[in-house]
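We count ligands from 1, going down the list as the structure has it; atoms in each ligand are counted the same way.
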Amino acid sequence: MAERRDVVIIGAGAAGMMCAIEAGRRGRRALVLDHARAPGEKIRISGGGRCNFTNIHAGPKNFLSVNPHFCKSALARYTPRDFLDLVERHRIPWHEKTLGQLFCDNSAKDIIAMLLAEMKAVGAELRLSTSIGAVEHDGASFRIVTENGTVEAASLVMATGGKSIPKMGATGFAYRIAEQFGLPVVETRAGLVPLMLDPATLAAHEGLPGVAVDVIARHGKTEFREAALFTHRGLSGPAILQISSYWREGEEIALALCPDVDFADVIAAARRQNGRQAVQTVLAEHMPKKLAQLFVTELGIDGPLAEQPGKRIDALLQRLKGWRLRPPTSEGYRTAEVTLGGVDTAALDSRSMAAKTVPGLYFIGEAVDVTGWLGGYNFQWAWASGHAAGQEA
Ligand code: FDA
C-alpha cells in the first residue's frame, strides 16, 4: 500500500522548504523528499557560510528569463521584507553588506534551522537520503516511487534546483520530469561562473593571479560595476560572475578599469609635473602594479612618459576604458553558482508555478527559467516561487 499525502515536494533546498512551510500553513499534509543526507546544503555553503539570504532591492529587473515578466507576480507577493520579517521573528542577527545584500551575522545554518523549525511548526515532514525512482501520474494522483516505498499525492512540487555543483548532489532531475510530462525546457547553461582564458593570454597574465581590481564589466548593453579577480584559470570576482550570465561561449567582454579614475587627466597631469617618470609608475598609483606592468608591456610602451607618442597614449587610454577579452569558455557547472535556463515559464502559471497542462504539478526555484543576479536574488526567487506554489499545491 502506498502512503498518501496532500503534497509531495521533491528537493529540500530553499524553494522546497519554503513551499512546505506555506502548504503546511494551509493545513496540507506536506512531505519533502531529498536524496541528500542534509537539507539546504546550498544554503549552508552560500555567502561564504553566512548566506546572502535576500537583497532588499530585489525586483524583476534583477532576473534573467526568456520571459522577463514571469517572475513579477511571485516576487510581488513575497518580498525581501517578508523574508526579513521571518528572519527577525527567529531572532537571527543579520547585516547589510553592500548593494542591499543581507547576510547572517553568524552562520547560514541559522537560516536552515529557521526553515526546519517553521516546517515542524506546521507539521511538514522531511525525508532525507531518499532516492527517487519514478514519478507516475494517473490523471488524478502522482505516484512517487522511492527506494523506501511509494507515496501518492494530488500535488507534486519539483524543487530539485539546477545542475550547478554536481558534487553537492545537483542532478537536473526537474528537467527530466518536465520532459516526461511534455513541458518544454529552455536550454540550460552555467551562470554566475568564473570565465577561463586561453593559454596564450594566461601566459601573458603571469603574476596576475590573486590581483583584484575595480571594474565595469560589459557585455553588449549590460554592465556591472564591482571587483574583478585574476585567477590561475582566468577571471573571477563579482563583476565577472555577474557578466558571465549574459555572456555566451567565445563572446567578448570588455572591462573598464578603475572607473573612478580619469586616466586621461592623470596622464596629462603627470606629463606636466614630471615627464621623466615611467608610464607604469603613473598607472601604478591607481591600479595594482602588476596590471600596470601588463598594459605597458602589451602596448610596447617603454621609457619616460614625455617620450611617448600621442598615438600610443591614446591606445593605452582606450585599453583602460575597454579592455577586450574573449574567454573561450567558463568553468561550467563545476563551480557555477546557478543554472541559467530551465523549465520554460511559458508552460507555467506565474501566480502558482503550476504546469498549465498537468493539474497538480508545480516547478519552483532554480529549476525554472528564472535566474537572479549575484547578491541574494536567487534565494529571493527560491523563497518567492516556493511561497507561491505553497499557496496552491
Ligand atoms: P537547491 O539546489 O537549493 O535545492 C535542491 C535540492 O534538491 C537539494 O537539496 C538536492 O539535494 C535535491 N535534489 C536534487 N536532485 C534530486 C533528486 N534527483 N532526487 C532527490 N533530491 C534531489 N544565492 C543567493 O541568493 N545568495 C547566496 O549567497 C548564494 N550563494 C551561493 C553559493 C554557492 C557556492 C552556490 C553554488 C550557490 C549560491 N547561491 C546563492 C544560489 C542558491 O544557492 C540557489 O539559487 C538556491 O539554492 C536554489 O534553491 P532551490 O531550492 O531551487 O535549489
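Nearest-residue assignment for atom 14 (C) of ligand 1 (options Asn55, Leu128, Thr160; heavy-atom criterion): Thr160.
Polar contact with ligand 1: present for Glu366 (N/O pair, distance under 3.5 Å). For Val338, no nitrogen or oxygen atom sits less than 3.5 Å from a nitrogen or oxygen atom of ligand 1, counting backbone and side chain alike. Considering both main-chain and side-chain atoms, Ile45 never comes within under 3.5 Å of ligand 1 through any nitrogen or oxygen pair. Polar contact check, Gln380 against ligand 1: no nitrogen or oxygen pair lies under 3.5 Å apart. At least one N or O atom of Phe379, backbone or side chain, sits closer than 3.5 Å to an N or O atom of ligand 1.
Annotation: atom 4 (O) of ligand 1 to nearest protein heavy atom, Gly13 CA, 3.4 Å. Ranking the protein heavy atoms by distance from atom 29 (C) of ligand 1 puts Ser46 CB, 3.6 Å first. The shortest contact between atom 20 (C) of ligand 1 and any protein heavy atom is with His35 N, 3.3 Å. With respect to atom 15 (N) of ligand 1, the closest heavy atom belonging to the protein is Thr171 OG1, 2.6 Å. Summary of contacts: the protein heavy atom closest to atom 26 (N) of ligand 1 is Asn52 O, 2.9 Å. Regarding atom 11 (O) of ligand 1, its nearest protein heavy-atom neighbour is Asp34 OD1, 2.8 Å. Looking from atom 33 (C) of ligand 1 to the surrounding protein, the closest heavy atom is Glu337 CG, 3.9 Å. Nearest protein heavy-atom contact of atom 51 (O) of ligand 1 is Ala15 N, 2.9 Å.
Ring planes of Tyr377 and Trp373: perpendicular class, angle over 60° (limits at 30 and 60°). The aromatic rings of His137 and Phe142 sit parallel, their planes meeting at an angle under 30°, below the 60° perpendicular limit.
Within a 6.0 Å radius of CD in Glu147, other residues, nucleotides and ligands contribute more than 12 heavy atoms. A 6.0 Å sphere centred on NE2 of His95 holds more than 12 heavy atoms belonging to other residues, nucleotides or ligands. Crowding of Arg233 atom CZ: a count of heavy atoms from other residues, nucleotides or ligands under 6.0 Å not exceeding 12.
Residue-ligand proximity, Gly47 to ligand 1, at heavy-atom distances under 4.0 Å covers atoms 28 (O), 30 (N). Counting atoms of ligand 1 from 1 in the listed order, those under 4.0 Å from a heavy atom of Gly376 are 24 (C), 25 (O), 26 (N). Atom numbering of ligand 1 starts at 1 in the shown order; those under 4.0 Å from a heavy atom of Ala159 are 5 (C), 6 (C), 7 (O). Counting the atoms of ligand 1 from 1 in the order shown, those under 4.0 Å from a heavy atom of Gly365 are 52 (O). Atoms of ligand 1 found under 4.0 Å from any heavy atom of Phe173, numbered from 1 in the order shown, are 18 (N). For ligand 1, the atoms sitting less than 4.0 Å from at least one non-hydrogen atom of Tyr377 are 25 (O), numbered in the order shown with element in parentheses. In summary, the atoms of ligand 1 found under 4.0 Å from a heavy atom of Gly169, numbered by their order in the structure, are 14 (C), 15 (N). Contact atoms of ligand 1 toward Ile165: 36 (C) (distance under 4.0 Å to a heavy atom of the residue).
A distance of 6.0 Å or more separates the ring centres of Trp381 and His387.
In the model, Asp110 has no side-chain atom that pairs as donor or acceptor with a side-chain atom of Ser107 under 3.5 Å.
Remark: Arg225 engages Asp214, Asp260 in a side-chain hydrogen bond (donor to acceptor under 3.5 Å, both in side chains) (not counting sequence neighbours).
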Check the pair Leu192, Asn378 against side-chain contact (heavy atoms from CB on, under 4.5 Å), reporting the backbone distance first and the verdict last. CA-CA 11 Å; Leu192 300 180; Asn378 283 296; 3.6 Å; yes
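The heavy-atom pair separating Ser164 from Thr339 by the smallest distance is OG-OG1, 2.8 Å. The two atoms that bring Ala354 and Glu392 nearest to each other are CB-OE2, 3.9 Å, heavy atoms only.
When heavy-atom distances to ligand 1 are checked against a 4.0 Å cut-off, Phe53 has no atom that comes that close, whether in backbone or side chain.
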For residues 80-88, run the donor-acceptor check on the side chains, cut-off 3.5 Å, and write out each pair with its distance to 0.1 Å, sequence neighbours left out.
| residue | atom | partner | partner atom | Å |
| --- | --- | --- | --- | --- |
| Arg81 | NE | Asp85 | OD1 | 3.0 |
| Arg81 | NH2 | Asp85 | OD1 | 2.9 |
| Arg81 | NH2 | Glu88 | OE1 | 2.9 |
| Asp82 | OD2 | Thr79 | N | 2.9 |
| Asp82 | OD2 | Thr79 | OG1 | 3.3 |
| Glu88 | OE2 | Trp94 | NE1 | 3.1 |

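Look at Ala170 and you'll find every heavy atom at least 4.0 Å from all atoms of ligand 1. Taking a 4.0 Å cut-off on heavy atoms, Ala14 registers as neighbouring ligand 1.
Between Arg5 and the choices Glu125, Arg28, Glu152, the side chain to side chain contact (heavy atoms under 4.5 Å, CB included) rule is met once, by Glu125.
Using a 4.0 Å cut-off between a side-chain N of Lys or Arg and a carboxylate O of Asp or Glu, Glu41 and Arg44 qualify as a salt bridge.
Atom-to-atom distance recorded for Thr371:OG1 and Leu64:CG is 6.5 Å, nearest 0.5 angstrom.
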